[in-house]
Amino acid sequence: MITGKTTLAGIIGFPIAHSLSPVMHNAAFAELGLDWNFVPFPVHPDRLAEAVAGLSALGVAGFNVTIPHKVAVMPLLDEVSDEARLIGAVNTVVVREGRLTGHNTDGIGLVAALREKLSFSPAGRSVLVVGAGGAGRSAVASLALSGATRVEIANRSVEKASDLCLSLAPRLPGCSLGAVSLERLADPGYLAGFDLLVNTTSVGMKDDSLPGLSLAGLKEGFAVYDMVYAPPVTPLMKEAARHGIASANGLGMLVAQGEAAFYLWTGVRPPKGCMERALTAYHSLGKP
Ligand code: ATR
């Protein structure tokens, strides 16, 4: 029940109807008995500045930011964390005494999901990141910040991968960065040099596959993380299973970025498994 004492959090995006964040956050508020509520706000790009000022004026405690506002919101904030600045995008805003601070929990979410779902720690490892968009950038930055010593970016447009390397390399001195074209995925000798492959593209959402990719003959312990989570067993995960390679879908990252945002707003960790159970229950109702 919403009362005069209820604290509000929310999410801004356009469109927003597909967002699973209200399901996760409201489940965790309920399980913890916190008098909080999480609301989706469709915010047209032309009205972003008004919406952000309005949320602050209305006393919202914090909000998530999703497509297409993750970059555009940055100049509207009072402060941006170092990690969000490196990633170049904000997905979580904390509002305290009228001051807006931007964070990015996508990278923390990826590293947490790798640990929880694949028992994989990036420290000292070589990772191949497929895709050079916003999700690719946050993956590269967070893997390097977590100690990966080599990260290569494979992208359909290799120029975009090279631009990403040029922009991140000076700020990630402990990690060797490289850019290659997507065709290299068809070369088993090339893949054999890595410990982990992360797909950050949308390939797999329509039952499509990364062209030419073969996971045959890779080293023991090689793992695959696919940020796609619908379908739950993606074509990339099926290819991994054919070769006895451990893999996980993007649900773990979605949940972990939400758990990290929840903690930033409330100072309380959501109960373990609560957000994931809420999403699974929601999906089992036949929701997308
Ligand atoms: P996001 O912010 O989610 O990363 P994005 O910035 O639009 O989204 O980036 C999408 C990424 O998926 C890009 O790396 C894109 O490759 P290009 O830079 O060459 O466009 C990649 N991608 C999308 N569809 C693809 C496809 N069918 N095959 C290969 N790569 C694809």
Side-chain angles (χ1 to χ4, degrees), residues 5-13 16 19-41 43 48 51-67 69-116 134-135 137-139 141-143 145-146 227 250-276 278-279:
K5 297 193 191 97
T6 305
T7 304
L8 276 193
I11 180 165
I12 56 172
I16 202 64
S19 173
L20 297 170
S21 296
V23 175
M24 299 195 295
H25 289 287
N26 285 319
F29 293 147
E31 198 164 314
L32 284 169
L34 289 182
D35 187 7
W36 283 57
N37 219 283
F38 189 99
V39 186
F41 297 108
V43 173
L48 179 63
V52 168
L55 287 169
S56 171
L58 291 167
V60 163
F63 52 95
N64 278 140
V65 183
T66 190
I67 294 165
H69 304 316
K70 286 185 174 189
V71 178
V73 77
M74 293 176 76
L76 304 172
L77 306 175
D78 298 300
E79 250 178 280
V80 172
S81 75
D82 289 346
E83 185 163 358
R85 206 167 282 291
L86 183 64
I87 291 171
V90 158
N91 81 328
T92 302
V93 175
V94 176
V95 187
R96 237 165 242 150
E97 283 150 26
R99 274 186 74 76
L100 299 147
T101 307
H103 299 264
N104 192 310
T105 65
D106 289 332
I108 304 165
L110 171 64
V111 173
L114 291 174
R115 184 179 61 237
E116 283 165 26
R137 188 182 172 100
S138 89
S142 60
L143 289 162
L145 290 176
S146 300
M227 286 192 190
L251 201 70
M253 178 175 163
L254 174 70
V255 166
Q257 66 75 31
E259 288 173 340
F262 187 99
Y263 181 68
L264 283 170
W265 296 322
T266 64
V268 180
R269 300 263 175 219
K272 210 164 165 45
C274 167
M275 289 186 169
E276 191 159 348
L279 287 185

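FYI, the numbering just counts along the sequence from 1. Side chains are part of it too, since the values below use all heavy atoms of this structure and drop only hydrogens, waters and symmetry mates.
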Do the side chains of [Y] and [X] get nearer than 4.5 Å, heavy atoms only?
{"X": "Ile16", "Y": "Phe41", "answer": "no"}
{"X": "Thr7", "Y": "Thr266", "answer": "no"}
{"X": "Ile12", "Y": "Leu48", "answer": "yes"}

Backbone N/O of [Y] and side chain of [X]: donor-acceptor pair under 3.5 Å:
{"X": "His69", "Y": "Val43", "value": "yes"}
{"X": "Glu116", "Y": "Ala113", "value": "no"}
{"X": "Trp36", "Y": "Ala30", "value": "no"}

Quick one: [atom1] on [X] to [atom2] on [Y], what's the gap to the nearest 0.5 Å?
{"X": "Met227", "Y": "Asp106", "atom1": "CE", "atom2": "CG", "result": "7.5 Å"}
{"X": "Leu8", "Y": "Asn37", "atom1": "CG", "atom2": "CG", "result": "6.5 Å"}
{"X": "Thr105", "Y": "Glu259", "atom1": "OG1", "atom2": "CD", "result": "10.0 Å"}
{"X": "Ile87", "Y": "Asn104", "atom1": "CD1", "atom2": "CG", "result": "4.0 Å"}
{"X": "Glu31", "Y": "Asn26", "atom1": "CD", "atom2": "CG", "result": "13.0 Å"}
{"X": "Phe29", "Y": "Trp265", "atom1": "CZ", "atom2": "CH2", "result": "7.0 Å"}

If you take all heavy atoms of [X] and [Y], which pair is closest and at what distance?
{"X": "Pro22", "Y": "Phe38", "value": "CA-CD2, 3.4 Å"}
{"X": "Gln257", "Y": "Met24", "value": "NE2-CE, 3.9 Å"}
{"X": "Leu110", "Y": "Ser142", "value": "CD2-OG, 4.0 Å"}
{"X": "Ser19", "Y": "Ile11", "value": "OG-CD1, 3.6 Å"}

Identify all side-chain donor-acceptor contacts of residues 55-64 below 3.5 Å with residues at least two apart in sequence or on another chain.
| from | atom 1 | to | atom 2 | distance (Å) |
| --- | --- | --- | --- | --- |
| Asn64 | ND2 | Asn91 | O | 3.0 |
| Asn64 | ND2 | Thr92 | OG1 | 3.2 |

Could you go through the side-chain contact (heavy atoms from CB on, under 4.5 Å) check for Ile108 and His103 one step at a time? CA-CA 11 Å; Ile108 304 165; His103 299 264; over 6 Å; no
Pairs under 3.5 angstrom only: tabulate donor-acceptor contacts from the side chains of residues 74-86 to other protein residues two or more places apart or in another chain.
| from | atom 1 | to | atom 2 | distance (Å) |
| --- | --- | --- | --- | --- |
| Asp78 | OD2 | Leu100 | N | 2.7 |
| Glu79 | OE1 | Arg99 | NH2 | 3.2 |
| Ser81 | OG | Ala84 | N | 3.1 |

